[in-house]
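A, B, ... follow the sequence lines: proteins, then strands. Residue 1 opens every chain.
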Amino acid sequence: MPSRSAPEPTERPLSQPSSQPLSVPSSVPLSVLHARVNQWYADEGRKHLPWREAGCSPWGVFLSEVMSQQTPLARVEPIWREWMARWPTPGDLAAAAPGEAVRAWGRLGYPRRALRLHEAATVMVERHDGHVPSTPEELLALPGVGAYTAAAVSCFAFGIPEVVVDTNVRRVLARTIEGKAFPNLTLNRAETRLAADSMPADLDDANTWNVAVMELGALVCVARGPRCEECPVADLCAWNLAGRPAYDGPPRRGQTWHGTDRQVRGELLHRLREAHAAVPLALLEDVADDRTQVMRCLDSLVADGLVEPLTRSRFRLPA
DNA sequence: TAGGCGTGGCT
DNA sequence: TAGCCAAGCCT
């Protein structure tokens with residue numbers, strides 16, 4: 001268990017101020033930025049989302065964060081409601097078969113997340129008395145939980161103002177403070193420190209800021225076609241003031257799809273989800289023309305624990 | 001650290 | 001239309 005007495009300075013800006021100079025230029029009026037963004041959230045934020053309601057459990061918040069990884073919230077909400085009705089606590093999910101989690105995941109994408117949620121629920125039962133842990137260190141130890149999710153759950157479920165850095169936060173800070181259209185390809189230390197130094201010092205303000213700046217990035221400061229005319233901080237945004245210069249960094253990584261293993265894996269899993277009994281290999285082989293690719297993908301699904309081979313020619317979701 | 005990993009809406 | 005993009009994580 002790592003000690004909390006010697007945290008990385010860049011990760012604990014509120015309790016462990018950095019000795020380095022502030023990474024935010026002194027020309028940026030942070031207090032105005034905080035006040036405007038937080039007020040905008042109070043006025044325009046999507047408060048109807050069920051995991052933002054006051055009575056939502058930490059488990060509900062945890063579920064929402066994992067489901068939202070690389071996934072639009074509109075597609076998350078119906079699945080989240082189904083899961084919360086069926087498995088209202090970590091213990092309920094842990095008691096179910098992992099294959100049922102994969103089936104209930106439906107077409108949310110990245111189905112290994114369903115498996116990891118099931119594993120995380122099991123760890124919560126075994127090590128945390130059936131509860132969602134509250135500290136970033138404990139959360140980070142759970143499968144499927146990285147720096148973003150650990151910070152988000154600590155903040156949104158427990159009111160601990162960790163530095164929450166997701167794609168929305170990165171884009172808003174790149175524009176408002178750095179004057180760039182997009183952040184770097186990968187999150188680095190300097191950018192994490194910028195996010196930390198950008199946070200309000202007040203605890204309540206910091207907690208609101210975390211969700212508010214994310215929401216601003218999701219609704220207004222969007223990747224393509226930003227709605228600067230609706231932005232509460234357009235008049236002090238470095239990128240807007242510079243005339244919104246185009247992105248000039250290294251080429252952004254594209255995601256290929258057609259003909260990839262990802263597509264074949266997705267189709268295989270789709271067929272296995274639809275069937276409620278073991279499926280013969282013969283009914284899976286035609287998901288792609290290349291049989292070698294199909295077998296490779298089936299093998300990888302088995303290796304991932306997403307598919308269980310009953311025999312060499314019959315497959316199902318893991319029991 | 002770069003690349004693999006689903007799915008579907010939007011421009 | 002064909003990419004681009006989305007509350008990232010893991011190896």
From the options [options], select the nucleotide whose nearest atom is closest to the side chain of [X].
{"X": "A/R75", "options": "B/dG8, B/dC5, C/dG8", "result": "B/dG8"}
{"X": "A/D166", "options": "B/dG6, C/dG8, B/dC5", "result": "C/dG8"}
{"X": "A/F182", "options": "B/dA2, C/dA7, C/dC5", "result": "C/dC5"}

task: Could you check A/L108 against A/R224 and say which one's nearest nucleotide on DNA chain B is further toward the 5' end?
output: A/L108

statement: By nearest-heavy-atom nucleotide on DNA chain B, the more 5' of A/R262 and A/L185 is A/L185

- prompt: Is A/N38 reaching over with its side chain to a backbone N or O of A/D205, donor-acceptor style, under 3.5 angstrom?
  reply: yes

message: I'd like to know if the side chain of A/R171 reaches the main chain of A/C221, judged simply by a donor and an acceptor atom lying under 3.5 Å from each other, with no hydrogens or angles considered.
response: yes

message: Both conditions, 6.0 Å and 45 degrees, for the charged tip of A/R36 above the ring of A/Y41: are they met here?
response: no

Rounded off to whole Å, could you give me the [atom1]-to-[atom2] distance for the [X] and [N] pair?
{"X": "A/L187", "N": "C/dG8", "atom1": "CG", "atom2": "P", "result": "11 Å"}
{"X": "A/R52", "N": "C/dA7", "atom1": "CZ", "atom2": "P", "result": "11 Å"}
{"X": "A/L63", "N": "C/dA7", "atom1": "CG", "atom2": "C1'", "result": "14 Å"}
{"X": "A/M67", "N": "B/dG8", "atom1": "CE", "atom2": "C1'", "result": "17 Å"}
{"X": "A/R107", "N": "B/dT7", "atom1": "CZ", "atom2": "C1'", "result": "7 Å"}
{"X": "A/Y148", "N": "C/dA6", "atom1": "OH", "atom2": "P", "result": "13 Å"}
{"X": "A/Y110", "N": "B/dC5", "atom1": "OH", "atom2": "P", "result": "9 Å"}
{"X": "A/Q69", "N": "B/dG8", "atom1": "CD", "atom2": "P", "result": "18 Å"}

query: Who is the Watson-Crick or G-U wobble partner of C/dG3, with both distances under 3.5 Å?
result: B/dC10

query: Is C/dC9 paired to anything, Watson-Crick or G-U wobble with both distances less than 3.5 Å, and if yes, which nucleotide?
result: B/dG4

- prompt: Under 4.0 Å between a side-chain N/O of A/T149 and OP1 or OP2 of C/dC9, yes or no?
  reply: yes

task: Answer yes when A/E77 and A/R46 have at least one side-chain N-carboxylate O distance shorter than 4.0 Å, and no when they do not.
output: no

- prompt: Are any of the side-chain nitrogens in A/R103 or A/E100 under 4.0 Å away from the carboxylate oxygens of its partner?
  reply: yes

- line: By nearest-heavy-atom nucleotide on DNA chain C, the more 5' of A/R116 and A/E65 is A/E65

- request: Assign each of A/R46 and A/L142 to its nearest nucleotide of DNA chain C by heavy atoms, then name whichever residue's nucleotide is nearer the 5' end.
  value: A/R46

query: How far does the P atom of C/dA2 sit from the matching atom of B/dC5, given to the nearest Å?
result: 23 Å

Separation of the C1' atoms in C/dT1 and B/dG8, to the nearest angstrom: 16 Å

message: So, under a plain 3.5 Å distance rule, would you say the side chain of A/T71 forms a donor-acceptor pair with the base of B/dG6?
response: yes

